[in-house]
Amino acid sequence: MKAIELEKTYNPKDFEDRIYAQWVEDGNFKPVDGNEKSFTIVMPPPNVTGILHMGHALNNSLQDILARYYRMTGRPTLWLPGCDHAGIATQNVVERQLAKEGLRRQDLGREKFVERTWQVKEKHHDIIVSQLKKIGSSCDWSRERFTMDEGLSRAVRETFVTLYERGLIYKGLYLVNYCPHCGTALADDEVEHQEDLGHLFDINYPLADGSGHITVATTRPETMFGDVAVAVNPDDERYKDLVGKMLKLPLTDREIPIIADSFVGIEFGTGMVKITPAHDPNDWECGKRHNLEPINILNPDGTLNDICPEQFRGMPAEVARMKVAEVLKEQGYLVKCEDYKHEVGHCYRCNTTVEPYMSEQWFVKMRPLADKALKAWRDGEINFYPKRWENTYSSWLENIRDWCISRQLWWGHRIPVWYCEDCGEMMVEREDPCCCKKCGSKKIRQDNDVLDTWFSSWLWPFSTLGWPEVTVDFKKFFPTSTLVTAYDIIFFWVSRMIMASLEFTGKAPFHDIYITGLVRDKKGRKMSKSLGNGIDPLDVVSIYGADAMKFTICFLATQGQDVLVDMDSFKLGSKFANKIWNATRYLLMNLEGRNLVAIDPAKFTAVDKWIYHSLNENVLKVRNAIEGYKFNEAAQAVYDFFWNDFCDWYVEASKLSMYSGSEEEKDRLVSVLMDILAESMKMMHPMLSFITEEIYAKLPNTEGKVITASFPEYSEARKFPEEAKMMACMQDVVRGVRNMRAELGIGAEKKVRAVVRMDEAGDLSAFMKEHVDLLKIFVNSDNLTIDDSASVDVTGAFPIAGAGFETYVFVRDAIDVEKEIAKIEEDIKKTQALLDGVEKKLSNEKFINNAKQEAIDKERSKKAEFVEKIEKSNKHIAVLRSF
RNA sequence: GGCGAUAUAGCUCAGCGGGAGAGCCCCUGCCUUACACGCAGGUUGUCGUAGGUUCAAAUCCUACUGUCGUCACCA
């Protein structure tokens with residue numbers, strides 16, 4: 001046959017896009033039919049707020065590796081892609097756009113605003129999809145979903161109504177977290193606590209009977225207009241007599257009582273707390289206990305409302321705070337103001353300070369759902385990798401609170417509840433009603449609020465497969481196999497999916513949860529826009545190629561560790577891909593004039609057996625690593641095999657026969673090389689998808705595509721442990737001589753004479769003899785003898801110790817005898833130390849009695865080895881002295 | 001404050017009961033007709049500190065110290 005030419009340099013741009021398009025065209029990402037157990041991943045849907053960052057690249061690279069691997073094992077494999085509408089986040093993006101045009105969403109009106117948001121969604125969606133394609137994601141685009149598409153919207157409505165029917169959704173007036181900037185309520189976990197520098201004010205409240213005053217401490221004096229009481233601890237001796245008395249609330253004409261409640265800390269501040277149920281969670285609870293009517297002092301935009309004295313109305317709370325303090329001071333009520341550090345809630349989307357705000361909202365009763373989710377975990381239905389995240393999961397579920405699901409936004413699933421304006425009837429409906437069910441009036445209006453984004457996301461693993469319909473896909477691919485996600489959304493998403501899935505399908509939505517680390521820069525900082533330390537995945541692909549990116553990520557993705565990268569990090573993958581390319585180019589060149597023959601194990605040389613053995617062992621490593629989510633180990637295994645074993649030793653060894661072997665031997669060897677190469681492509685494909693596909697197509701011994709090929713099996717027939725050991729000995733000889741040459745400065749131009757003296761004539765000796773010509777090349781010798789009868793005179797030769805043999809190199813002239821002796825003596829010292837350790841163990845009765853037999857045997861063989869080495873070294877010193 | 005993670009070569013990290021490993025860096029030779037994104041050779045570590053368990057500990061346990069992450073916060 002003719003040589004097959006490969007471009008001189010590895011240039012992924014030449015083929016990545018072409019190959020991706022071909023995969024899509026051939027439907028390679030669609031699950032195959034079959035009775036094998038299916039493997040399913042649903043992609044964590046990226047938000048349509050922007051474009052993908054390195055975190056997405058990490059996440060999707062790992063999912064891609066899993067999908068490609070399981071696809072190659074023959075299981076019907078589905079990786080389902082999609083995007084999330086990301087309510088608040090996307091709405092914010094659009095509102096920021098509008099702000100640049102000097103507009104607010106109210107200026108457009110709900111309908112126009114939502115329309116515009118859809119446009120933004122489309123734009124970002126298209127970018128996200130093109131990015132996922134660029135990085136090589138093998139997801140099934142024909143099944144792509146969006147959280148607001150028709151099917152998913154139906155699932156959302158079904159869920160809402162069903163939960164309502166089951167008594168798990170309720171509406172009520174509660175104190176919720178409210179973001180004045182986003183203008184909506186938030187769930188508890190959407191609030192991030194950050195340390196803020198504020199002030200602690202001590203304010204005097206006069207007793208109504210004029211008998212003096214008490215002092216309360218607060219960080220928020222402006223909320224005093226909502227005060228309904230002052231509380232003290234019932235056990236606080238100082239204030240016992242005051243309980244029940246009335247206070248005059250400064251700046252108002254109201255009077256409030258002093259009450260006793262055990263939540264008040266005696267030690268803290270003055271031991272007296274003003275109670276503002278409408279603006280503080282603790283006060284809210286306290287207020288409920290004492291039947292105190294909350295007084296709301298804020299407008300929805302966070303400014304003070306008409307309940308407050310006129311001079312403060314319309315002021316944002318933070319402005320009012322200092323103003324109120326000022327007035328209090330003027331009037332002599334403020335007695336102290338000191339700087340104070342405390343944790344304050346912020347909106348996780350816009351970072352605005354969150355206000356506890358009393359309003360009517362919809363909630364999901366979580367306790368019953370959480371209990372099911374805890375049970376499923378305890379029953380072993382879900383496994384976290386790494387395991388420690390299970391604590392995070394369980395402790396959150398154990399302390400769960402009801403979930404506020406209504407949002408005062410326009411972008412999202414509108415709450416499927418209608419109110420009759422005539423009779424006040426409330427209807428919770430699967431289908432839009434046309435009129436009031438009770439009075440028949442057509443004057444009905446739908447609830448203005450939309451649902452929390454996560455209310456659609458938590459259905460993702462089954463809504464995307466057609467639920468609530470029991471579709472073919474749902475039956476085949478649910479429950480899914482693995483979820484790959486980052487740890488920052490275990491609460492938001494992972495645990496809620498488990499709850500929803502158990503509630504509605506009766507099954508956990510996935511078996512395994514692989515929690516990735518976060519992508520950080522080289523200094524360990526989170527990648528962020530404000531720091532400007534982010535890396536664009538597309539830049540990485542553009543510079544190094546998609547394979548280089550995925551392989552590097554895989555190599556660095558150790559379970560539970562964050563991944564630290566900069567642009568240069570991806571050289572690792574790039575270099576490896578380049579190596580694969582060049583090795584292939586060389587091997588394909590050598591096809592010139594050759595004929596491929598069937599691989600015949602009976603004709604394997606010992607070195608052939610070794611490389612198959614190594615391939616086999618690494619196949620096992622890769623399989624175990626991927627199945628156990630140890631991505632770095634899988635990458636390490638293919639790297640070691642292909643580079644260190646195949647290229648550095650096997651291909652180098654093959655050159656001998658390639659240049660001087662018989663025609664028949666050359667055909668046989670080339671065939672073996674092609675076989676190993678093809679097997680390597682299959683083994684590496686999940687991690688290096690494009691280059692392996694490109695090469696696989698060029699190999700003369702392959703048919704079809706590597707993406708649809710079978711992943712190599714671990715095979716008993718490829719186990720050759722004896723040959724592997726002998727090869728290791730040969731490598732020892734080679735390394736020994738090369739080392740000596742380098743140390744003595746014997747250049748490549750100078751050939752040496754060498755004798756490998758075997759301790760005995762056995763298999764190892766036969767192996768060395770079989771490969772004597774190879775040894776000559778490896779050590780650059782023109783005269784090398786394998787001597788198993790000690791018949792060759794080695795007087796004056798430089799000795800190198802080995803296990804089962806000694807190597808003598810005739811380089812008398814180059815040697816600095818004293819230096820070499822010193823080196824060997826140093827070596828003996830080290831070995832002696834090891835030997836001492838071993839002997840100590842072996843003479844220890846307890847060790848002999850307690851250790852496993854194999855451990856004892858190992859120590860014994862180590863002892864023998866050390867003794868042999870020291871003996872040989874001593875002999876070699878004598879040899880050197882005789883020079 | 002609770003919980004959790006982590007501390008191994010100059011850097012980033014594997015290893016997690018029986019002779020210290022990888023990648024990058026560094027040093028020395030080499031453009032050996034696949035690859036200088038390369039080849040060959042080499043250097044580098046009280047495996048955080050102190051105890052404990054064990055015949056044996058980088059590996060298990062405890063405490064401490066540093067770093068990081070989370071949850072919860074008392075006005």
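Throughout, a chain's letter reflects where its sequence line sits, starting with A, and its residues are numbered from 1. Note: hydrogens, waters and symmetry copies are ignored here, and every other heavy atom, side chains too, is used.
One interatomic measurement links the two molecules: CD1 of A:I400 to P of B:A72, which rounds to 12 Å at whole-angstrom precision. For the pair A:D188 CG and B:U70 C1', the computed distance is 16 Å after rounding to whole Å. Counting to the nearest Å, the C1' atom of B:G18 and the CZ atom of A:R860 are 15 Å from each other. Following rounding to the nearest Å, A:R741 (CZ) and B:G41 (P) show an atom-to-atom distance of 12 Å. Spacing between atom NZ of A:K862 and atom P of B:A20 amounts to 8 Å, rounded to whole angstrom units. Taking atom NZ on A:K621 and atom C1' on B:A14, their separation rounds to 13 Å, with Å as the unit.
Within the nucleic acid shown, A:E865 comes within 4.0 Å of at least one base atom, counting heavy atoms only. Using a 4.0 Å heavy-atom criterion, one finds that A:E859 contacts the sugar-phosphate atoms exclusively. Across all strands shown, A:V838 has no heavy atoms under 4.0 Å from either base or sugar-phosphate atoms. As judged by a 4.0 angstrom heavy-atom cut-off over every strand, A:A851 is placed among the base-contacting residues. A:K579 comes within contact range of at least one nucleobase, with a heavy-atom separation under 4.0 Å. In this structure, A:S574 reaches the bases: a heavy-atom distance under 4.0 Å links it to at least one base atom across the strands shown. Here A:M272 lies out of heavy-atom contact (under 4.0 Å) with every strand. If you check every strand for non-hydrogen atoms under 4.0 Å, A:F570 touches nothing. Within 4.0 Å (heavy atoms only), A:L572 reaches sugar-phosphate atoms of the nucleic acid but no base atom. Residue A:K655 is classed as a base contact, given a heavy-atom separation below 4.0 Å to a base. At the heavy-atom level, A:Q636 lies under 4.0 Å from the strands shown only through sugar-phosphate atoms. Residue contacts shown for A:K852 include a base, since a base heavy atom lies under 4.0 Å away.
In this model, the phosphate group of B:A34 is not approached by any side-chain N or O of A:K8 to a distance below 4.0 Å at OP1 or OP2. At the phosphate of B:C37, neither OP1 nor OP2 sits under 4.0 Å from any side-chain N or O atom of A:Y544. Under 4.0 angstrom from either OP1 or OP2 of B:A5 there lies no side-chain N or O belonging to A:R388. OP1 or OP2 of B:A72 has at least one side-chain nitrogen or oxygen of A:R401 nearer than 4.0 Å. Applying the 4.0 Å criterion to OP1 and OP2 of B:A14, one finds that A:T558 has a side-chain N or O inside that range. Neither OP1 nor OP2 of B:C55 sits under 4.0 Å from any side-chain N or O of A:N844. Phosphate proximity of B:C24 to A:K522: absent, as no side-chain N or O sits under 4.0 Å from OP1 or OP2.
Nearer to the 5' terminus of RNA chain B, by closest-nucleotide assignment, is the contact made by A:W396 (compared with the other of A:W396 and A:I266). Mapped onto RNA chain B by nearest heavy atom, A:E743 and A:V651 fall at different nucleotides, with A:V651 at the one closer to the 5' end.
Relative to the side chain of A:Q561, the nucleotides B:A5, B:G18, B:C13 differ in distance, and B:C13 lies closest. For A:N632, the side-chain atoms get nearest to B:A14 when compared with the rest of B:C55, B:A34, B:A14. Distances were taken from every side-chain heavy atom of A:N391 (C-beta onward) to each of B:G4, B:C73, B:A75; the shortest belongs to B:G4. Each of B:C55, B:G18, B:C39 was ranked by its minimum atom distance to the side chain of A:D648; first place goes to B:C39. Side-chain proximity of A:Y586 to the nucleotides B:A34, B:A75, B:C73 is greatest for B:A34. Considering only the side chain of A:K846, B:C55 comes nearest among B:G38, B:C55, B:A75. For A:C647, taking side-chain heavy atoms from C-beta onward, the closest of the listed nucleotides B:A34, B:G41, B:G69 is B:A34. Distances were taken from every side-chain heavy atom of A:W643 (C-beta onward) to each of B:A34, B:C39, B:U12; the shortest belongs to B:C39. For A:N739, counting side-chain heavy atoms from C-beta on, the closest listed nucleotide (B:C73, B:G41, B:A75) is B:G41. Of the candidate nucleotides B:G18, B:C71, B:A75, B:C71 has the atom lying nearest to any side-chain atom of A:F491.
For A:V216, the side-chain contact (heavy atoms from CB on, under 4.5 Å) partners two or more places apart in sequence, or in a different chain, are A:I203, A:Y205, A:I214, A:V230, A:M272, A:K274. For A:Q561, the side-chain contact (heavy atoms from CB on, under 4.5 Å) criterion is met by A:T558, not counting sequence neighbours.
Scanning atom types as modelled, no donor and acceptor separated by under 3.5 angstrom connect the side chain of A:K571 and the base of B:C37.
At a cut-off of 3.5 Å, with distance as the only test, a side-chain donor of A:Q853 or A:D857 sits close to an acceptor on the other residue. Defined by atom type and a distance below 3.5 Å, a donor-acceptor pair is missing between the side-chain atoms of A:N11 and A:E7. Neither side chain, A:D202 nor A:T215, offers a donor N or O lying under 3.5 Å from an acceptor on the other.
Base-pair partner of B:U46: not found among the strands shown (Watson-Crick or G-U wobble, both distances under 3.5 Å). Using N1 to N3 plus N6-O4 or O6-N4 for Watson-Crick, or N1-O2 and O6-N3 for G-U wobble, each under 3.5 Å, B:U67 pairs with B:A5. In this entry B:C11 has B:G23 as its Watson-Crick or G-U wobble partner, both defining distances falling under 3.5 Å. Pair check for B:U28 finds B:A40; Watson-Crick or G-U wobble, both atom distances under 3.5 Å. With both pairing distances under 3.5 Å, B:U54 is matched to nothing as a Watson-Crick or G-U wobble pair.
For the atom pair CZ (A:F642) and CG (A:L677), the distance works out to 5.5 Å, reported to the nearest 0.5 Å.
Using the six-membered ring where Trp is involved, A:Y340 and A:H342 have ring planes that are tilted, between 30° and 60° apart.
Under a 3.5 Å cut-off, the side chain of A:E190 and the backbone N or O of A:A187 do form a donor-acceptor pair.
Here the shortest heavy-atom pairing between A:D547 and A:F690 reads OD1-N, 3.0 Å.
Here the separation of B:C73 from B:U54, taken at their P atoms, is 45 Å to the nearest Å.
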